[in-house]
There are 2 protein chains.
Amino acid sequence: MVDRTSEGFSGAKAAEIVGITYRQLDYWARTDLVRPSLEDAKGSGSRRRYSYRDLLELKVIKSLLDAGIKLESVREVFSYLQENLGEDVTTANLVIQGNQAVLVRDGGELIDLVRQGQGVLNVLALAGVVEDVDARIVELRPAAPEVATVTPLASGH
Amino acid sequence: MVDRTSEGFSGAKAAEIVGITYRQLDYWARTDLVRPSLEDAKGSGSRRRYSYRDLLELKVIKSLLDAGIKLESVREVFSYLQENLGEDVTTANLVIQGNQAVLVRDGGELIDLVRQGQGVLNVLALAGVVEDVDARIVELRPAAPEVATVTPLASGH
DNA sequence: TCACGTAACTACACCCGTGTCACGGGGAAG
DNA sequence: CTTCCCCGTGACACGGGTGTAGTTACGTGA
């Protein structure tokens, strides 16, 4: 019964896990970038519920932002990813070229892309994304009832 | 003597060659992103003079912008590039990771980077940049002055 | 059922990068 | 030296993304 909370993740929790501000999460939801797939907001007072997969999407976006990519650009590309995210994600690299995206598994394939190289390639290893999200979820688990000694650091951000 | 104009490139010309607006060129110069190395502006009425290398820098930035990278992010990284641009540029790839940049020549090296893969890699083949700039310069050569019949098109872009 | 806390919502403000336009000063040609 | 035009400059506007604060209404626990 302790785990009832883990039928998905609240907005605040999701934001904390992927390392974004609530404002961003909210903005992205309203502007249709990433909506909580378990439960969308229906007016003031309601609560969003994010699935694990949602977290992955959010984290990918966060990673792209950290790399200095414009949100607008992320938007253009992201419909593709939403379709293809989820399978063997941990072995693939997301490669963005202009306003297109591809999942690349083979390293040589990547080199080919670079060689033909018009413009810039943005490469993101999805394995890292999954790892980070998983680690963060564990890290933020409410203190285990058995011990409950760990003083949570002031997670001030 | 015909070629006196080619002691560098005027602001307008530079912008046209690399495919940016004059406004952008101007803004970048004022905010210290890329200054014309031959002749900087000294007040109203003066004229900026860009070197060929300046054009390459401008074009790299343009490429990064086209890839959806924030100008702010370009700024953080660009000091590095300004030091290392110019040598064997045509064979190298510019790789940006976070706020660091590296020149990568070997493909395998690139794959290693991807594998260790924290965050996003932005990869830009510099050969393409050089090609584009060169081609564009030729393309925009003013009609031979001996004739001077060519009505300059309203170069409206 | 009721009250309280929390999260969604609204409104406002700010900064950055860019577009636009008017102005004016120098450079270059005659 | 004079004139014309190019281009640097200043001022203003605007949209996107985010921060902040106050308001509202839903969920949940008693």
Interatomic distance, B:Tyr50 OH vs D:dC7 P [rounded to whole Å]: 12 Å

Taking B:Lys13 for its side chain and B:Leu140 for its backbone only, find out whether a donor-acceptor pair lies under 3.5 Å. yes

Euclidean distance, atom CG of residue B:Asp66 to atom P of C:dT18 [Å, nearest integer]: 11 Å

Just to confirm, is there a sub-4.0 Å distance from OP1 or OP2 of D:dG17 to any side-chain nitrogen or oxygen of A:Arg75? yes

For residues B:Ala92 and B:Leu103, report the shortest heavy-atom separation together with the two atoms involved. CB-CD2, 4.3 Å

So which heavy atom on B:Arg136 is nearest to which on B:Ile17, and how close? CG-O, 2.9 Å

When the distance from NZ of B:Lys13 to P of D:dC6 is rounded to whole Å, what number comes out? 13 Å

Using whole Å, what does the distance between atom P of nucleotide C:dG17 and atom CG of B:Asp26 come to? 14 Å

Could you work out, with side-chain hydrogen bond (donor to acceptor under 3.5 Å, both in side chains) as the rule, every residue matching B:Asp134, not counting sequence neighbours? B:Tyr52

So does B:Val123 get a backbone contact from the side chain of B:Asn93, meaning a donor-acceptor N/O pair under 3.5 Å? no

To the nearest Å, give me how far apart NZ (B:Lys62) and C1' (C:dT18) are. 13 Å

To the nearest angstrom, how far is B:Arg47 atom CZ from C:dA28 atom C1'? 7 Å

Mind listing the side-chain donor-acceptor pairs of residues 64-78 of chain B below 3.5 Å, one per line with the distance, residues two or more places apart or on another chain?
from: B:Asp66; atom 1: OD1; to: B:Lys62; atom 2: NZ; distance (Å): 3.2
from: B:Arg75; atom 1: NH2; to: B:Thr31; atom 2: OG1; distance (Å): 2.3

Specify the separation, in whole Å, of atom CD of A:Glu16 and atom P of C:dA7. 11 Å

Enumerate the residue pairs fulfilling salt bridge (charged side-chain N to carboxylate O under 4.0 Å, His left out) with a member in residues 21-32 of chain A, sequence neighbours excluded, ordered by first and then second residue. A:Asp26-A:Arg30, A:Asp26-A:Arg48, A:Asp32-A:Arg35

DNA chain D: 5'-proximal contact among B:Arg48 and A:Glu72 (nearest heavy atom): B:Arg48

A:Ser63 versus A:Val129, closest heavy-atom pair with distance: OG-CG2, 4.2 Å

Sequence-distant partners of B:Glu39, salt bridge (charged side-chain N to carboxylate O under 4.0 Å, His left out), two or more places apart: B:Lys42

Sugar-phosphate atoms are those with a prime plus P, OP1 and OP2; base atoms are the rest. Using that split, label each nucleotide of nucleotides 18-24 of chain D B, S or - for protein heavy atoms under 4.0 Å, 5' to 3'. BBB---B

Between C:dG19 atom P and B:Leu25 atom CG, what is the distance in whole Å? 12 Å

List in numerical order all residues of residues 29-41 of chain A for which some heavy atom is under 4.0 Å away from an atom belonging to DNA chain C. A:Arg30, A:Ala41

